[in-house]
Amino acid sequence: MNSPEQPLPTFDEVLLCTPQTSAEQVGLFLRRCLIPCCGGDKIYTMLFADELSYDVSCRAEELFQHLQRYNSSYRLIILCNCERENSYLPSAFSHYKVHMIPQRSRAEIQQYLQHHFQVAQPSSSAAAVFKEHMCVGLVSSKRAGMGK
């Protein structure tokens with residue numbers, strides 16, 4: 001996010017983990033991250049890694065330990081909910097733990113995302129529904145079941 005032209009992560013750089021995420025999915029992701037190839041300067045990110053099942057987390061740690069010796073210059077970020085930091089994967093990687101404080105203001109982050117999510121020709125796009133012709137919108141409510 002150092003410049004507005006810097007791209008957003010691509011689909012292969014991010015793994016959104018859920019309790020249903022399989023060991024195979026995590027394994028493929030870790031292989032992309034840890035096996036050296038012509039991928040360039042990608043930064044791989046596992047989101048909500050604390051949600052992985054115990055079995056999948058164990059297998060992920062084993063695979064990470066095995067593949068790590070092939071590449072010493074990997075770039076991997078594992079993001080977890082701080083309330084679930086005692087689950088298996090965050091505990092296994094706790095010696096790498098870094099508390100992060102955002103380096104940019106909220107306004108700068110919003111402007112960066114707006115630059116990447118704005119549709120140029122909104123006339124024939126569903127983006128015309130969202131504020132300022134964005135192709136992404138967030139709808140939330142403090143009351144559950146209100147027709148979002």
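In this chain, numbering begins with 1 at the start of the sequence shown.
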For the student: nearest non-hydrogen atoms of S87 and D50, plus distance: OG-CB, 3.3 Å

Close aromatic pair by centroid cut-off 6.0 Å: Y74 and F64: yes

Parallel, tilted or perpendicular: rings of F93 and Y96 (30°, 60°): tilted

Of L89, V14, L79, I77, the residue whose pairing with M46 passes side chain to side chain contact (heavy atoms under 4.5 Å, CB included): L89

Side chain to side chain contact (heavy atoms under 4.5 Å, CB included) between R31 and L67, worked out: CA-CA 7 Å; R31 283 179 179 84; L67 294 175; 3.7 Å; yes

Where Q68 and L34 come nearest, the two heavy atoms and their spacing: N-CD1, 4.4 Å

Modelled atom types, side-chain donor and acceptor of S57 and D55, under 3.5 Å: no

Exercise: identify the closest heavy-atom pair between V26 and A60: CG1-CB, 3.5 Å

Heavy-atom closest pair, residues T18 and L52: O-CD2, 4.0 Å

Residues, nucleotides or ligands: over 12 heavy atoms within 6.0 Å of Q65 CD: yes

Minimum heavy-atom distance P90-R84, with the two atoms named: CG-O, 4.0 Å

For C33 against L76, the heavy-atom pair lying closest together: SG-CB, 3.7 Å

Check against side chain to side chain contact (heavy atoms under 4.5 Å, CB included), Q25 and V56: CA-CA 10 Å; Q25 290 171 307; V56 172; over 6 Å; no

Evaluation steps, side chain to side chain contact (heavy atoms under 4.5 Å, CB included), between R32 and F29: CA-CA 5 Å; R32 277 196 303 265; F29 179 78; 3.6 Å; yes

